[in-house]
S.K.: 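Questions regarding the structure given below will be posed in turn.
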Amino acid sequence: MVEVTPPHSDRAPRRQTPVIIVGGGLAGLACAHRFAEAGVEFLLVEASDELGGRVRTDEQDGFLLDRGFQVFLSAYPEAGRRLDLEALDLRRFKPGALVFTKGRRHRLMDVFRAPRHALSTALQPIGSVRDKLRVGKLRWEMLRKPVEAIEAGEDLTTAEYLRKRGFSEAMIDRFFRPFYGGIFLERDLRTSSRMFEFTFKMFARGFASIPEKGMQEIPRQLAARLPAGSCRLNTPVRAVQQTGVTLADGERLAAESVVVATDAGAAGELLPGGPEEERAWRSVAGLYFSAPRSPLNEAIIALNGDDGGLVNNVCALSDVAPGYAPEGRALISVSVPGLPDFPDLAERVRAELRSWFGGEVDQWSHLRTDRIRRALPEQSPALSPAESAGYRVHDGVFVCGDHCTSASIEGALVSGRRAAEAVLETRKGNSSGRPA
Ligand SMILES: Cc1cc2nc3c(=O)[nH]c(=O)nc-3n(C[C@H](O)[C@H](O)[C@H](O)COP(=O)(O)OP(=O)(O)OC[C@H]3O[C@@H](n4cnc5c(N)ncnc54)[C@H](O)[C@@H]3O)c2cc1C
């Protein structure tokens, strides 16, 4: 394995530290950030060769390839507090989508942001005029509904919720399924309506965006603010105890408190008897193509509004952030939900997109396919994380990650900060870090 040593890597063995954080995704980094702020010494140990967890970007032939299509919602409140958004140089998507049905494209815009599209959006054959008015009402309500009220609200599946609000099946099938299917990585809309309301609110308050230099700029920014020597890469943890951790190579690191900030699956293995059992995962295949020109020519997401097909959403990332592609090329991102097991997936996708964009897809060259099995933890109402479970698993051992809050960048950041605060709370007046 190639070992990458960032500025914060510390290869010298450390035997004693107040807190060990296991996992350097956004949750672990947010947790670390909070400890740094509180002046509490910590050591973050990360299994892989870089920090960022599921938010990673690779450079390939002048292209920036995020590991799976992801967007940052500029209105995420915790992210707004933790990150320097200006320094991320966020590039916005247009507020709306192009919906492809039966080979025809229809433009559906957020008319509050793009009022010149109000009439054409109302008349598009994607849902009725009533549906569009219902979207306006939902938007008005969500802008006023506090996040705490959303978190404590009724928990239905998103499909049940939309039907309850009176949306037509056509609107659900042609717009909500592909749009939120791309976010939830499932088109059944079985995801918790709390997650739907929160995401809808974020779209109403801000923009979907990507940093000009790739999604990994988000964890990089957090990592850059941590004390030198506080993170160790290529350091998988094999077991967690109340008094520290055992690394995969057998080394033992002692600590007063341990925060397990891994994904849900690894947490289930590291915390036997803890609340985080292995759970179902949403998977996705993300395909990248290099093209001589963009098939869209604008910073917008294109959706599959039909029932069948492999593809859910497409966009030209270089139309959004030019830095994603080298001069003279366009970078096309295609998301296929699930883990389709076709060896010729790229060719099948190209064939499907011929009905969207015509023969120009034959000039595209396939750059890479990321098959991401553990993309998002299942977030149906029955599996909604129980806030009441808290972040302490047992004495001295804490847990965080997107599986504790919501499967998103924001959820991971919130959970990391909350876990750190739970540790800080038990440390108050108790130097062992364990409850008295
Ligand atoms: C394809 C895809 C699309 C997404 N789209 C969006 C989107 O558009 N918007 C959005 O807000 N969110 C999106 N998300 C979700 C978001 O990226 C995640 O919710 C978030 O990054 C999870 O962060 P985390 O820190 O909880 O977990 P992770 O990122 O999984 O971090 C866990 C870390 O723990 C490490 N680890 C695991 N086991 C061990 C061990 N034994 N020892 C040491 N370290 C260990 C891992 O290597 C990893 O670095 C998407 C995710 C994917 C994959």
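Counting starts at 1 for both ligands and their atoms, following the listed order. What you see is a predicted model, and the numbers here were worked out from it, not measured in a lab.
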S.K.: So, regarding Asp402 and ligand 1 (criterion: nitrogen or oxygen to nitrogen or oxygen, under 3.5 Å), is there a contact or not?
M.R.: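 Such a contact does occur with ligand 1.
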
S.K.: If you measure every N/O of Ala407 against every N/O of ligand 1, is any gap under 3.5 Å?
M.R.: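 No; every N/O pair is 3.5 Å or more apart.
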
S.K.: Check Ser415 against ligand 1 and report side chain, backbone, both or neither, counting heavy atoms closer than 4.0 Å.
M.R.: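 Neither part.
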
S.K.: Is it true that Phe203 and Phe198 have ring centroids separated by less than 6.0 Å?
M.R.: no

S.K.: Look at atom 36 (N) of ligand 1 and say which protein heavy atom is nearest, naming residue and atom and giving the distance to 0.1 Å.
M.R.: Thr262 CG2, 3.8 Å

S.K.: Counting heavy atoms only, which of Ala264, Gly23, Gly411 comes nearest to atom 34 (O) of ligand 1?
M.R.: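 Looking at heavy atoms only, Gly23 sits closest to atom 34 (O) of ligand 1.
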
S.K.: Using a 4.0 Å heavy-atom cut-off, say whether Leu376 meets ligand 1 through its side chain, its backbone, both or neither.
M.R.: side chain

S.K.: Do the side chain of Gln221 and the main chain of Ala224 share a donor and acceptor less than 3.5 angstrom apart?
M.R.: no

S.K.: Around atom 44 (N) of ligand 1, find the nearest protein heavy atom and jot down its residue, atom name and distance.
M.R.: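 Result: Ala47 N, 3.1 Å.
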
S.K.: Considering only NZ, NE, NH1 and NH2 on the basic side and carboxylate oxygens on the acidic side, decide whether Arg54 and Asp402 come within less than 4.0 Å.
M.R.: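 Judged by the 4.0 Å cut-off on N to carboxylate O distance, Arg54 and Asp402 do form a salt bridge.
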
S.K.: Among all protein heavy atoms in this structure, tell me which lies nearest to atom 1 (C) of ligand 1, with the distance rounded to 0.1 Å.
M.R.: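 Minimum-distance protein heavy atom for atom 1 (C) of ligand 1 reads Val284 CG1, 3.6 Å.
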
S.K.: Should Phe196 and Tyr180 count as side-chain neighbours, where that means a heavy-atom distance under 4.5 Å?
M.R.: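 They are in side-chain contact.
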
S.K.: Considering only protein heavy atoms, which is closest to atom 27 (O) of ligand 1, and at what distance to one decimal place?
M.R.: Arg54 NH2, 3.0 Å

S.K.: Any N/O of Glu46 closer than 3.5 Å to an N/O of ligand 1?
M.R.: yes

S.K.: Taking the six-membered ring of Tyr288, is the NZ or CZ of Arg368 close enough (under 6.0 Å from the centre) and on axis enough (within 45°)?
M.R.: no

S.K.: Identify whether NZ of Lys or CZ of Arg in Arg348 sits under 6.0 Å from the centre of the six-membered ring of Phe342 and within 45° of that ring's axis.
M.R.: yes

S.K.: Quick one: does Ile21's side chain get under 4.5 Å of Leu43's, heavy atoms only?
M.R.: no

S.K.: Could you check whether Phe63 and Tyr324 have their ring centres less than 6.0 Å apart?
M.R.: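 They do not qualify: ring centres at least 6.0 Å apart.
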
S.K.: Quick one: CZ on Arg418 to CD on Glu421, what's the gap to the nearest 0.5 Å?
M.R.: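 Taking CZ in Arg418 and CD in Glu421, the distance rounds to 9.0 Å.
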
S.K.: Any idea which part of Ala375 is under 4.0 Å from ligand 1, heavy-atom wise: side chain, backbone, both or neither?
M.R.: both

S.K.: Given Phe72, Tyr76, Trp281, identify the one with the heavy atom nearest to atom 10 (C) of ligand 1.
M.R.: Tyr76

S.K.: Taking the six-membered ring of Trp140 as reference, does the NZ or CZ atom of Arg144 fall below 6.0 Å from its centre and within a 45° cone about the axis?
M.R.: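 Here Arg144 passes the 6.0 Å and 45° test against Trp140.
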
S.K.: Using 0.5 Å steps for rounding, measure from the CG atom of Leu138 to the CZ atom of Arg165.
M.R.: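 Separation between the atoms: 4.5 Å.
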
S.K.: Could an N or O of ligand 1 be found under 3.5 Å from any N or O of Gly28, whether backbone or side chain?
M.R.: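 Gly28 vs ligand 1: no N/O contact under 3.5 Å.
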
S.K.: Just to be sure I'm reading this right: ignoring hydrogens, which of Met202, Arg282, Arg67, Gln70 gets closest to atom 14 (N) of ligand 1? Compare them by their nearest heavy atoms.
M.R.: Gln70

S.K.: Considering both backbone and side-chain atoms of Ala266, is one of its nitrogen or oxygen atoms within less than 3.5 Å of a nitrogen or oxygen in ligand 1?
M.R.: no

S.K.: N/O of Ala27 under 3.5 Å from N/O of ligand 1, yes or no?
M.R.: yes

S.K.: Could you identify the single nearest non-hydrogen protein atom to atom 42 (N) of ligand 1 and state the distance to 0.1 Å?
M.R.: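 Residue, atom and distance for the closest contact: Val237 N, 2.9 Å.
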
S.K.: Quick one: does Ser48 get an N or O within less than 3.5 Å of an N or O on ligand 1?
M.R.: no

